[in-house]
Amino acid sequence: MSHLSNRKRVKIELSSLFNMLRSTIPGLRRGRHHPPSNPGWIILLCILSLSIHGPALSQPKPSAAEDSRLFKEGETLFEKGEVEKALWRFKQVITDHPRSPLLNEARFKMVVCYTQLKRHKEALRVLNDLLSTSLAPPRMIQVFTLLGDNYLEFKDRSNALLWYGKGLLVSGQPHDELKRKVRAIIDTLDTEEELNQIELTYRGAYAGGYAKLRLAQLAKRLGYDSIARRMLNELEKEYPKMDYIVQAKEVSESISVPPKSKYSVGVILPLSGPYKPFGEKALEGIRLALKDKESREKLPLVSLVIRDSRGNPLEAEKAVEDLVKTEKVIAIIGPLLSMTVDRASRKAQQLKVPLISLAQKESASLKGEFVFQNSLTPMEQVQRLVAFSLKELELRTYAVFYSSSPYGLHFKNIFNQEIARMGGKVLGTVVYQEEQTDFRQEIKGFFRVEDIHKQEGTKKKEEEFKQGLSVDGLFIPDTHDRVGTILSQMAYFDIKGTTFLGTNAWNGPGLFSTGGKSAEGATFVDAFLKDDLRVKNFVDEFQKEYKRPPETLEAICYDGTKYLKEILQSKSPSSPSELKEELRKFHPFQGVSGLKGFKEDGKAIRTLSILRVKNGQIELFSK
């Protein structure tokens, strides 16, 4: 019989029972509204009725053992390797028995099944549901581990490390497997940038310390022993109880201790991050200047203590303080980047130690008595180039093509100012994007280039152009490779009557490899020419040591270090203050980049040369 017919039958029987009670019990007769005098009879009869008809009133309920049976079937199927079938049993527990005490266990088993079936999105969804419930510490470890495992399947190492790290924070539980997983992820990272990011993100945690150990190993492999040694010392202080400290000590013991030198000189360069290639080039020039050609048994005059600025102003400032207070250096070479030089210079001035900046930036912070500048500043380059183009080349009208980068904007501004001051005229400026490679629109727009429709039967090139505007000089402050691209496109549109002018950034192979014949006659300013007989020994020595030719940056760093070494050797200053005074005096010196010493204001004494492209070669145009 259906539930509906049962209810109808019960309703009829109860109605009959109630009528009988009304006829036999005085209190229930029609018209009497006061309570019955003997309510016990009513209660007794109701209980009797419920005992007879109760089963018909209740809904059918699943068996209390049904959820347990489904769960056990799922476990059995899983053990047999029938994971898909097991998954459906655990799902049934959740859908059919939402109040079952086995609910969370079934969810966890579902995660294990999803993980084995490579259905990682579904595994992560159920794991996130579990996170919102109350979990015992052992199960919490398992959930965090599975979260990390499933994120790792998506190549998401960052989230994998995050959840493994959370698992390591659960106290009173075994962590060996989680630590192994963390180390395995970090061991796959090969670049300083990736390791630095992990070290910074998880500083103070297990992953941060292990990333620092990997950074120290990398520094040692690259020959930065002082950086490796410092990192390992920090590691032992910051992570004394970590299981990789034994490994850190082994690496530390493998680093040979350099012989004690008379002087320690600090170096601050970007040896990681996007500016790492420039930092490494600068360091090669510095090291070559200190290379001892004499017997290795002789006590070295200078040893370098190297610090990585990471391109960060705060790191550069911290490095200055560490080099002065901890390493007791007599001088510092660097930093290299304009963004890091202000803080470093102010700190060096405060601590009274000579700092020889390699940055091009010109600012008030570089005017302290302990601050020196060994670089080709934008103002020096522009002044030399403008004076030469106006007086020697007799150019009068100019234009500027510049990138939207800070470098391009700064050079454009000072070029315009200097041309106006010297009596020339800038007819216009054109800006392009920093990573741009197609300049046709800018060239055609500025030079008012028009297409010429050629007559039929002519044997000239497919397209011809007519130039509507001309200038004597076009200044392009950009790198040699991009300038080469611009010049080749200028040639395509037959831009004539213009001398192309540039900065020392033009002095590179890209000017020819992409510019080709269009670079002929290009004129730019620099302090270093590889083909100059004066610098031949330096070029040969550098080529032999590093298997490549040096560029301007390496020559400048070589000169500054060589000059410092000669003063330390000849004057033997006993303090940073004594060295500062000697650096400001005149000493007969002729560097490969034209360095002759430093002025009273700390700026380098250097005559910039004018170079030009002739017959496909860069040659000296004017000293």
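The structure displayed is predicted, hence computed values, not measured ones.
Side-chain contact, Asn233 with Arg230: no donor N or O sits under 3.5 Å from an acceptor N or O. Tyr210 and Asp187 form a side-chain donor-acceptor contact under 3.5 Å, judged by distance and modelled atom types alone. Side chain to side chain, Thr201 and Gln197 meet the donor-acceptor criterion of an N or O pair below 3.5 Å. Side chains of Thr503 and Tyr407: a donor-acceptor N/O pair is present below 3.5 angstrom, by distance only.
Ring pair Phe538/Phe528 is perpendicular by interplanar angle, where above 60° counts as perpendicular and below 30° as parallel. Using cut-offs of 30° and 60° on the angle between ring planes, the pair Phe154 and His120 is perpendicular.
Within 6.0 Å of the CD atom in Gln433, the count of heavy atoms belonging to other residues, nucleotides or ligands does not exceed 12. More than 12 non-hydrogen atoms from other residues, nucleotides or ligands lie less than 6.0 angstrom from CD of Glu177. No more than 12 heavy atoms of other residues, nucleotides or ligands sit less than 6.0 Å from atom NZ of Lys166. The local environment of OH in Tyr402 is crowded, with over 12 non-hydrogen atoms from other residues, nucleotides or ligands closer than 6.0 Å. Residue Tyr546 places its OH atom among more than 12 non-hydrogen atoms of other residues, nucleotides or ligands, all under 6.0 Å distant.
Applying the salt bridge (Lys or Arg N to Asp or Glu O under 4.0 Å) test to residues at least two apart or on different chains, the pairs with a partner in residues 201-213 are Glu199-Arg203, Lys212-Glu234, Lys212-Glu238.
Two rings, from Tyr206 and Tyr202, have their centers 6.0 Å or more apart.
Between Glu75 and Lys72, none of the side-chain N atoms (NZ, or NE/NH1/NH2) sits under 4.0 Å from a carboxylate O, so this pair counts as no salt bridge. Look at Glu253 and Lys249 and you find no salt bridge, because none of the NZ, NE, NH1 or NH2 atoms lies under 4.0 Å from a carboxylate O. The existence of a salt bridge linking Lys318 and Glu321 is excluded, since no basic side-chain nitrogen approaches an acidic carboxylate oxygen closer than 4.0 Å. Using a cut-off of 4.0 Å between Lys/Arg side-chain N and Asp/Glu carboxylate O, Glu73 and Arg89 are scored as salt-bridged. Salt-bridge formation is not detected for the pair Arg307/Glu315: no Lys NZ or Arg NE/NH1/NH2 atom is positioned less than 4.0 Å from an Asp or Glu carboxylate oxygen. Salt bridge status for Arg183 with Asp243: present, with a side-chain N to carboxylate O gap under 4.0 Å. In this structure, Asp308 does not pair ionically with Lys276, as no charged nitrogen and carboxylate oxygen lie closer than 4.0 Å. A salt bridge between Arg119 and Glu84 is present, with a side-chain N of the basic residue lying under 4.0 Å from a carboxylate O of the acidic one. One finds a salt bridge joining Arg157 and Glu194 here, because a Lys/Arg side-chain nitrogen approaches an Asp/Glu carboxylate oxygen to under 4.0 Å.
In this structure, CG in Asn504 is found 10.5 Å from NE2 in His480, a value given to the nearest 0.5 Å. Between atom OG of residue Ser252 and atom CG of residue Leu235 there is a gap of 10.0 Å, rounded to the nearest 0.5 Å. Here the straight-line distance linking atom OG1 of Thr514 with atom CG of Asp481 works out to 6.5 Å at 0.5 Å rounding. Note that CH2 of Trp163 is 11.5 Å distant from OG1 of Thr145, once rounded to the nearest 0.5 Å. To the nearest 0.5 Å, the span separating CD1 on Ile186 from CG on Leu195 amounts to 8.0 Å. Summarising the geometry, atom CG belonging to Leu355 is positioned 12.5 Å from atom CZ belonging to Arg346; distances are rounded to the nearest 0.5 Å.
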Practice item. Quick one: do His97 and Leu102 satisfy side-chain contact (heavy atoms from CB on, under 4.5 Å)? Show the steps, please. Key: CA-CA 9 Å; His97 306 275; Leu102 295 171; over 6 Å; no
Exercise for review: Report the C-alpha distance between Glu434 and Ser404 in whole Å, list the side-chain angles of each, state the deciding distance to 0.1 Å, and finish with yes or no for side-chain contact (heavy atoms from CB on, under 4.5 Å).
Suggested key: CA-CA 6 Å; Glu434 192 171 354; Ser404 57; 4.2 Å; yes
Check your understanding: What's the verdict on side chain to side chain donor-acceptor pair (under 3.5 Å) for Thr76 and Glu79, showing C-alpha distance, side-chain angles and the deciding distance?
Key -> CA-CA 5 Å; Thr76 302; Glu79 289 174 3; 5.4 Å; no
Review point. Side chain to side chain donor-acceptor pair (under 3.5 Å) between Thr340 and Asn312: does it pass, once the steps are laid out?
Key: CA-CA 6 Å; Thr340 59; Asn312 185 314; over 6 Å; no
**Study point:** From CA spacing to verdict: side-chain contact (heavy atoms from CB on, under 4.5 Å), Glu280, Tyr224
**Key:** CA-CA 11 Å; Glu280 290 181 335; Tyr224 306 140; 3.5 Å; yes
Point to revise | side-chain contact (heavy atoms from CB on, under 4.5 Å) between Ile332 and Ile356, worked out | key: CA-CA 6 Å; Ile332 295 172; Ile356 303 175; over 6 Å; no
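Leu222 places a side-chain heavy atom less than 4.5 Å from the side chain of Leu218. Side chains of Leu336 and Leu553 form a contact here, defined as non-hydrogen atoms less than 4.5 Å apart.
The side-chain tip of Arg548 does not point at the ring of Phe542 from less than 6.0 angstrom away and within 45° of straight on. Annotation: cation-pi pair Lys85/Trp88 absent, no NZ/CZ under 6.0 Å from the ring centroid and within 45° of its normal.
Closest approach of Pro378 to Gln360, counting heavy atoms only: CD-O, 3.3 Å. Minimum interatomic distance between Asn374 and Ile556 (heavy atoms only, all atoms of both residues): ND2-O, 2.9 Å. Here the closest non-hydrogen pair linking Ala216 and Ala228 is O-CB, 3.4 Å. Nearest heavy-atom pair across Leu103 and Pro98 is CD2-O, 3.5 Å. Closest heavy-atom contact between His175 and Leu168: CE1-O, 3.3 Å. For the pair Ala211 and Ile198, the tightest heavy-atom approach, listed with the atom from each and the gap, is CB-CG2, 3.7 Å.
With sequence neighbours excluded, the residues satisfying ring-ring contact (aromatic ring centres under 6.0 Å, His included) with Phe439 are Tyr432.
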